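Everything on this sheet refers to the single structure shown next.
Sequence lines set the chain letters: A, B, ... in the order given, protein chains first and strands last, and positions in each chain run from 1. As the structure is a prediction and not an experimental result, all values here were calculated from the model.
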Amino acid sequence: MPAVGRRWGLRPRPRRTGFRPLPSRTKVRASYVARDPGMRLSAYFLPTLKENPAEAQIVSHRLMLRAGMIRQTAAGIYAWLPLGFRVLKRVEQIVREEQDAAGAQELLMPTIQSADLWRQSGRYDDYGKEMLRITDRHDREMLFGPTNEEMITDIFKSYVKSYRDLPKNLYHIQWKFRDEVRPRFGVMRGREFLMKDNYSFDIDADGAKRSYQRMFLAYLRTFARMGLKAIPMRADTGPIGGDLSHEFIILADTGESGVFCDRRWLDLDVLAAAPGYDEDLAPFFERYTSIYAATDEKHDPATSPLAASELVSARGIEVGHIFYFGTKYSGPMGAVVAGPNGEPVTVEMGSYGIGVSRLVAAIIEASHDEAGIVWPDSVAPFRVGLVNLKSGDAECDAVCEELYGALTRAGVDVLYDDRDERAGVKFADMDLIGLPWQLAVGPRGLKNGVVELKRRATGERQELSKDAALARLTG
RNA sequence: CGGCCGGUAGCGCAGCCUGGUAGCGCAUCAGACUGGGGGUCUGAGGGUCGCAGGUUCGAAUCCUGUCCGGCCGACCA
């Protein structure tokens with residue numbers, strides 16, 4: 001149940017049911033209880049920039065700074081301002097919904113972990129300087145978690161004692177810290193980042209592979225919902241370890257990894273024939289892992305099965321990574337359950353990560369133009385930007401208020417630019433922050449009884465009556 | 001962690017070489033004119049020049065140290 005996501009006001013909803021009742025004596029204005037999904041720009045904290053900050057090298061970083069989404073507070077560490085925060089929460093919510101649909105269960109583990117836990121798996125020394133190590137007032141060794149295999153294994157083994165309780169798949173969405181030598185590209189490669197990580201526990205290798213395949217499908221569905229084409233590629237397992245692993249890569253010129261894939265990937269709709277989670281996922285998995293795709297670590301031109309004409313060489317952004325690693329952690333840490341015959345069985349594990357904060361930048365890399373960001377509808381901070389082209393004009397103000405009220409009542413997230421600014425400034429800001437729809441109301445149009453609706457992605461504009469515009473935006 | 005570059009108003013930058021009243025554009029504030037794609041004019045506010053030490057009558061400027069940031073490499077969701 002996405003209880004947390006619900007609180008953030010992320011999706012349009014006609015009515016709210018999740019509130020605790022207020023004490024009966026408390027007097028509250030109705031507008032407070034039924035929170036307005038809209039926002040007036042004159043009151044909103046949206047510090048947009050006209051010029052490009054010097055430190056930003058790639059387009060997503062530049063646009064996130066210019067659109068007032070983030071603010072760097074230290075190398076690789078960012079504050080999320082209201083607009084950026086909305087997008088982050090929407091991305092997070094899509095990830096959550098797809099995890100839930102795949103049968104994973106959400107929990108929340110702390111950011112700070114004890115060093116002792118990591119000594120049990122032997123990774124305390126292996127992880128090196130990437131791990132931020134801290135001591136508390138009693139000189140106890142702690143660390144800011146870069147990942148959670150040890151902690152989840154510890155939690156799991158404390159309670160789960162029987163094969164009857166398997167399989168289990170637990171996830172959380174929590175801030176991680178990896179002390180990168182060289183953070184760069186904004187939230188694309190920050191030191192602190194929001195990650196969804198989950199962990200599957202199965203009684204045997206066959207079960208673990210089924211869990212792996214479920215996540216494989218869940219990941220494809222997740223990225224597709226954000227308007228991204230993510231290609232699963234054979235990958236190195238790195239410090240997580242294991243023998244089966246795929247990275248999910250979005251093709252982008254600014255990507256950090258070199259990648260190679262079969263040309264067929266470019267216009268493949270992987271979800272067209274996707275099975276349901278209750279079906280046998282093996283054929284689907286086999287099919288899409290057999291179409292060649294590999295990161296440069298795994299790609300060997302000498303043994304490549306593809307002719308040069310069929311092979312695409314590109315750059316990519318890693319947005320997800322899944323691992324099957326068997327008993328690498330359950331073994332040393334003693335995650336053992338009783339099997340069907342009462343014998344002890346060490347559980348088979350996998351772990352699965354999605355870089356939630358990185359995805360925000362990755363989506364921008366994949367969807368922008370000269371004027372700014374072009375948000376896919378599914379993650380846009382607001383659905384509609386309502387532009388009053390002449391604030392202070394009685395008729396413009398009245399029509400805007402009417403549209404604003406109607407949209408918010410219909411549960412449409414709308415950002416109303418009611419500022420006393422020139423039309424050009426308002427259009428430029430709207431294009432920059434990339435809301436899917438712009439609804440412009442000006443005296444010239446009103447004279448003819450029309451408003452202008454613009455689709456950000458295509459630039460297509462249409463003049464229509466305000467009722468027709470409302471119907472389009474609420475339908 | 002190695003190499004290179006940088007830190008001057010919220011942002012973008014000049015001034016530094018050759019020491020002598022800290023500047024420009026944008027942004028901000030006030031007012032006026034404007035009003036369909038970052039408009040024009042008038043006026044105003046905003047800086048211990050990253051920090052510490054040194055040289056000097058005098059340091060943004062020269063020297064030393066230090067912190068922070070960017071780029072290139074090696075490493076990573």
Which nucleotide in the list [options] gets nearest to the side chain of [X]?
X	options	result
A:Lys129	B:rC71, B:rG36, B:rC1	B:rC1
A:Glu421	B:rG12, B:rU28, B:rG38	B:rU28
A:Asp431	B:rG37, B:rG70, B:rC1	B:rG37
A:Pro443	B:rG36, B:rC76, B:rA74	B:rG36
A:Lys454	B:rG35, B:rA74, B:rG37	B:rG37
A:Leu432	B:rC1, B:rA74, B:rG38	B:rG38
A:Lys50	B:rC26, B:rU28, B:rA74	B:rC26
A:Arg189	B:rC75, B:rC71, B:rG36	B:rC75
A:Glu130	B:rC76, B:rG35, B:rA74	B:rC76

When you measure only distances, ignoring hydrogens and angles, does the side chain of [X] come within 3.5 Å of the base of [N] through a donor and an acceptor?
X	N	answer
A:Gln57	B:rG70	no
A:Arg461	B:rG37	yes
A:Glu452	B:rG36	yes
A:Arg66	B:rC11	no
A:Arg422	B:rG38	no

Can you tell me how far [atom1] in [N] sits from the matching atom in [M], rounded to whole Å?
N	M	atom1	answer
B:rU8	B:rA52	P	16 Å
B:rC4	B:rG58	P	34 Å
B:rA60	B:rU21	C1'	14 Å
B:rU56	B:rG19	P	16 Å

Using a heavy-atom cut-off of 4.0 Å across all strands, would you classify [X] as base, sugar-phosphate, or nothing?
X	result
A:Gly442	base
A:Ala423	sugar-phosphate
A:Ala74	sugar-phosphate

Answer yes or no: is there an ion pair linking [X] with [Y], defined by an N-O contact shorter than 4.0 Å?
X	Y	value
A:Arg234	A:Glu247	no
A:Glu97	A:Arg225	yes
A:Arg119	A:Glu141	yes
A:Lys176	A:Asp197	yes

Rounded interatomic separation in angstrom, taking [atom1] from [X] and [atom2] from [N]:
X	N	atom1	atom2	value
A:Gln72	B:rG7	CD	P	17 Å
A:Asp429	B:rG37	CG	P	15 Å
A:Asp420	B:rG35	CG	P	13 Å
A:Arg182	B:rC75	CZ	P	13 Å
A:Leu65	B:rG70	CG	P	11 Å
A:Glu256	B:rC76	CD	P	12 Å
A:Leu46	B:rC11	CG	P	17 Å
A:Ile58	B:rC72	CD1	C1'	16 Å

Residue mapping more 5' on RNA chain B - nearest nucleotide basis, A:Lys426 or A:His61 |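 Closer to the 5' end of RNA chain B: A:Lys426.
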
If you find the nucleotide of RNA chain B closest to A:Glu192 and the one closest to A:Pro53, which residue's nucleotide is nearer the 5' end?
->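 Closest to the 5' end, via its nearest nucleotide, is A:Pro53.
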
So which nucleotide does [N] pair with, by the Watson-Crick or G-U wobble rule with both distances under 3.5 Å?
N	result
B:rA52	B:rU64
B:rC33	B:rG39
B:rU28	B:rA44

Could you please spell out the steps behind the side chain to side chain contact (heavy atoms under 4.5 Å, CB included) verdict for A:Ile173 and A:Glu106?
-> CA-CA 8 Å; A:Ile173 298 172; A:Glu106 186 170 13; 4.3 Å; yes

Within a radius of less than 6.0 Å around CG of A:Asp253, do more than 12 heavy atoms belonging to other residues, nucleotides or ligands occur?
->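 No.
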
Should the pair A:Tyr288 and A:Trp265 be assigned to parallel (<30°), tilted (30 to 60°) or perpendicular (>60°) ring geometry?
->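 Correct class here is tilted.
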
